[in-house]
Amino acid sequence: ILVADIRRGFTDFDQQMLAFADSVALPIHVLLTKADKLKRGKAATALLQVKKALDGAATVQLFSALNRQGADEARDTLERFLTGERE
């Protein structure tokens, strides 16, 4: 699971982690955190941009610890990863 601030985009380190996961065939799921800081439309646009940029290399979702947005989805994804299930 890669945690990235929705307002900042991917850092160089995030890009390195994505490349590493790809090189060793690890599934990766991106949590775009602080989704509560953006209006719904801007958050949806950011999500679509990240999905397009990843081009299927990872799954991605909006997440906010403050209001628990996406907590269930993140938990389900982590459980699938730990049990070896694929979507």
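Hydrogens, waters and symmetry mates play no part in the numbers below; they use all other heavy atoms, side chains included.
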Ala35 and Ala43 have their tightest heavy-atom pair at O-CB, 4.4 Å
Nearest heavy-atom contact between Asp14 and Gly9 is OD2-O, 4.0 Å
Same cluster (ILVMFWY, side-chain, under 4.5 Å), Phe13 and Leu32 = yes
TODO: Take Asp76 and Glu73 through the test side-chain contact (heavy atoms from CB on, under 4.5 Å) and record every step on the way to the result.
DONE: CA-CA 5 Å; Asp76 291 344; Glu73 182 182 349; 5.7 Å; no
- Message: Is it the case that atom CZ in Arg68 sees more than 12 heavy atoms from other parts of the structure closer than 6.0 Å?
- Response: no
Under a 4.5 Å cut-off applied to non-hydrogen side-chain atoms, are Gln61 and Leu31 in contact?
-> yes
Handout entry: Shared hydrophobic cluster, Met17 / Leu54 (ILVMFWY, side-chain heavy atoms < 4.5 Å)
Key = yes
Does Phe81 belong to the same Ile/Leu/Val/Met/Phe/Trp/Tyr cluster as Leu18, with side-chain heavy atoms less than 4.5 Å apart forming each link? no
_Can you confirm whether more than 12 heavy atoms, excluding those of Asp55, are under 6.0 Å from its CG atom?_
no
One should read off an interatomic distance between Asp36 CG and Asn67 CG, to the nearest 0.5 angstrom, of 5.0 Å
Taken to the nearest 0.5 Å, the spacing of Ile1 CD1 from Phe63 CZ works out to 9.0 Å
Separation between CD (Gln49) and NZ (Lys42), nearest 0.5 Å, reads 11.0 Å
| query | Under 4.5 Å between side-chain heavy atoms, hopping through other hydrophobics if needed: is there a path connecting Ile6 to Ile28? | reply | yes
| message | Please determine whether residues Leu2 and Leu82 belong to a single hydrophobic cluster, defined as Ile, Leu, Val, Met, Phe, Trp and Tyr linked transitively by side-chain heavy-atom distances below 4.5 Å. | response | no
Any chance you could lay out the side-chain contact (heavy atoms from CB on, under 4.5 Å) test for Val50 and Phe10, step after step, and finish with the verdict? CA-CA 9 Å; Val50 170; Phe10 290 134; 3.8 Å; yes
Separation between CG (Asp12) and CD (Gln16), nearest 0.5 Å, reads 6.5 Å
Correct closest heavy-atom pair for Thr33 and Asp5 would be OG1-CA, 3.5 Å
Rounding to 0.5 Å, atoms NZ (Lys37) and CZ (Arg7) come to a distance of 6.5 Å
